[in-house]
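The next block holds one structure in the form of structure tokens; read it before the comments.
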2 protein chains.
Amino acid sequence: MDLSDTSSARSSSLDDLEIIEPLCAVFRRRLKAEGLKYTPERAQILDAILSMDDVFQADRLLESMKGQGFRVSRATVYRTIKLLEDAKILQQVLVDSEQAHYQLAYGTHSAGLIVRTDTHEISSIEAPGLLELRNKVCAELGLKPEGHRFVIYASAKPAPDA
Amino acid sequence: MDLSDTSSARSSSLDDLEIIEPLCAVFRRRLKAEGLKYTPERAQILDAILSMDDVFQADRLLESMKGQGFRVSRATVYRTIKLLEDAKILQQVLVDSEQAHYQLAYGTHSAGLIVRTDTHEISSIEAPGLLELRNKVCAELGLKPEGHRFVIYASAKPAPDA
DNA sequence: GTCGGTGCAAATGCTTTGCATTGAT
DNA sequence: ATCAATGCAAAGCATTTGCACCGAC
């Protein structure tokens, strides 16, 4: 199963489609291309993901869905997340070694994240030059870059008084 | 338990000590400062770590030790790794969401890693400017930087023929 | 009507923990 | 001697999987 295939009639990348085509349509198309089915559960899960924070965890997603009255099983949530990863709609981000975190892959976040060590909030950041740095390093080593990730850990500054 | 305390007689940071003081001495001192014991198992584990690859996993460490005829329990390995992390001798690096990976914290690796997606080899890299980038981003957000990590995923270049 | 999908519960795999015993200081 | 450390086996947790039933195509 390779949902990342882009050699269909519309071969544009996700980046191009995000604005003009809703993600659910992208997903549906990728599924069909693999002979897989676009079920209500999968639609609901993608929908719920769109209403989550930038970076979320599978368990929180399930929790959120249950809170909204959806009846999905944990297994289906995990299975669908995996499908969305395969389809390059979702990507895993490594924040800590506890639970997997995910974020939408469209919009070409510069793969930069800032993790608040005090509040545990996570957000994407603009960190220019990473791509170039990555490519330079890979070129020097004679390797083909596949991806990269930059995570900053930070906390609130101490009160400026005293 | 706070092994990271550096307010003892010798208050220099690990970075200063790495060359002039063997890590086992550092560890021993930090343990003593906390009223903990420097056991043969702990010494052996630290020793085994020094002979591991730059980046290693707890399980591989245990395996390697068993291969060398040491008789440590899995529990002790995990417990000691945690102590070494507390003591800032070891640090966790996030490479994938499967298993935790560790590397020695001394030597001020620039917190850059390259992960081969084909062979799964992991090595540290020099990636200049990351610290500055981190500090700049944090300054803009009014946050205090605590740490950062840059991971590049790459594979062998396809054969240059054809 | 066919496969693939779903939910459930059991299984997995890494890591942690309770407890009785052992050992460093 | 004391109090922490060890080893074992059991427990925990996030995630995955087997299986019987269900439903999208």
Side-chain angles (χ1 to χ4, degrees), chain A residues 1-3 24-25 27-46 48 55-66 69-87 90 92-102 120, chain B residues 1-3 24-25 27-46 48 55-66 69-87 90 92-102 120:
Chain A
M1 187 196 321
D2 177 19
L3 292 182
C24 58
F27 191 28
R28 175 175 230 153
R29 183 159 42 77
R30 300 269 168 112
L31 286 171
K32 181 177 279 183
E34 288 295 322
L36 304 178
K37 290 165 187 170
Y38 185 68
T39 64
E41 285 84 358
R42 289 177 182 175
Q44 286 162 8
I45 290 170
L46 178 52
V55 176
F56 67 91
Q57 292 152 284
D59 229 55
R60 297 264 175 271
L61 173 62
L62 178 63
E63 219 170 72
S64 159
M65 292 187 72
K66 297 229 159 160
F70 289 112
R71 235 154 308 182
V72 246
S73 73
R74 186 177 308 272
T76 298
V77 166
Y78 278 103
R79 284 189 278 232
T80 302
I81 285 177
K82 188 153 286 181
L83 283 176
L84 288 165
E85 273 191 271
D86 290 343
L90 221 50
Q92 222 185 77
V93 297
L94 296 172
V95 164
D96 58 44
S97 50
E98 309 298 302
Q99 251 176 89
H101 295 244
Y102 300 90
H120 298 107
Chain B
M1 188 195 319
D2 177 20
L3 291 183
C24 58
F27 190 29
R28 175 176 229 153
R29 184 159 42 78
R30 300 270 170 112
L31 285 171
K32 180 178 279 183
E34 288 295 322
L36 303 178
K37 291 163 186 170
Y38 185 69
T39 64
E41 286 84 358
R42 289 177 182 174
Q44 286 162 7
I45 289 169
L46 177 51
V55 175
F56 67 92
Q57 291 153 283
D59 229 55
R60 297 263 174 273
L61 173 62
L62 179 64
E63 219 169 73
S64 158
M65 292 187 71
K66 298 228 161 165
F70 289 111
R71 235 153 308 175
V72 246
S73 72
R74 186 178 307 274
T76 298
V77 166
Y78 277 102
R79 285 189 278 232
T80 303
I81 285 177
K82 188 154 287 178
L83 284 176
L84 289 165
E85 272 191 272
D86 291 343
L90 221 50
Q92 224 186 75
V93 296
L94 296 172
V95 165
D96 58 46
S97 50
E98 309 298 302
Q99 249 177 90
H101 295 245
Y102 300 90
H120 298 107

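Reminder, nothing fancy here: chain letters follow the sequence lines and each chain counts from 1. This is a predicted model, so every value here is computed, not measured.
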Check the distance between [N]'s [atom2] and [X]'s [atom1] and give it to me in whole angstrom.
{"X": "Arg71(B)", "N": "dG23(C)", "atom1": "CZ", "atom2": "P", "answer": "13 Å"}
{"X": "Glu41(A)", "N": "dG23(D)", "atom1": "CD", "atom2": "C1'", "answer": "9 Å"}
{"X": "Leu62(A)", "N": "dT6(C)", "atom1": "CG", "atom2": "C1'", "answer": "14 Å"}
{"X": "Gln99(B)", "N": "dC13(D)", "atom1": "CD", "atom2": "C1'", "answer": "15 Å"}
{"X": "Tyr102(B)", "N": "dT15(C)", "atom1": "OH", "atom2": "P", "answer": "6 Å"}
{"X": "Gln92(A)", "N": "dA14(D)", "atom1": "CD", "atom2": "C1'", "answer": "12 Å"}
{"X": "Leu36(B)", "N": "dA5(D)", "atom1": "CG", "atom2": "P", "answer": "5 Å"}
{"X": "Glu63(A)", "N": "dT15(D)", "atom1": "CD", "atom2": "P", "answer": "13 Å"}

Just by modelled atom types, is the [Y] backbone N or O under 3.5 Å from a matching donor or acceptor in the [X] side chain?
{"X": "Arg42(A)", "Y": "Lys37(A)", "result": "yes"}
{"X": "Arg30(A)", "Y": "Ala87(A)", "result": "yes"}
{"X": "Thr76(A)", "Y": "Val72(A)", "result": "no"}

**Study point:** Residue closer to the 5' end of DNA chain C, Gln57(B) versus Ala75(A) (nearest nucleotide)
**Key:**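 The answer here is Ala75(A).
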
Does [N] have OP1 or OP2 sitting under 4.0 Å from an N or O in the side chain of [X]?
{"X": "Thr39(B)", "N": "dG23(C)", "answer": "no"}
{"X": "Thr76(A)", "N": "dG7(C)", "answer": "yes"}
{"X": "Tyr78(A)", "N": "dT16(D)", "answer": "no"}
{"X": "Lys82(A)", "N": "dT16(D)", "answer": "yes"}

Check your understanding: Any side-chain heavy atom of Cys24(A) sitting closer than 4.5 Å to one from Tyr38(A)?
Key ->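 Cys24(A) vs Tyr38(A): side chains touch.
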
Selection from [options] that lies nearest to any side-chain heavy atom of [X]:
{"X": "Ser73(A)", "options": "dG7(C), dA9(D), dA24(C)", "value": "dG7(C)"}
{"X": "Ala58(B)", "options": "dC8(C), dA5(D), dT15(C)", "value": "dT15(C)"}
{"X": "Lys37(A)", "options": "dA24(D), dA9(C), dT15(D)", "value": "dA24(D)"}

Review point. Does Glu63(A) have any side-chain contact (heavy atoms from CB on, under 4.5 Å) partners at least two apart in sequence or in another chain, and if so, which?
Key: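 Checked Glu63(A) against side-chain contact (heavy atoms from CB on, under 4.5 Å); matches are Arg60(A).
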
Practice item. Remember a base hit wins even if backbone is also touched, and classify Arg42(B) as base, sugar-phosphate or nothing at under 4.0 Å, heavy atoms. Key: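 Sugar-phosphate contact only.
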
**Study point:** Polar side-chain contact Arg79(A)-dG7(C) base: donor and acceptor under 3.5 Å
**Key:**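 Between dG7(C) and Arg79(A), which were checked side chain against base, a qualifying N/O pair under 3.5 Å is present.
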
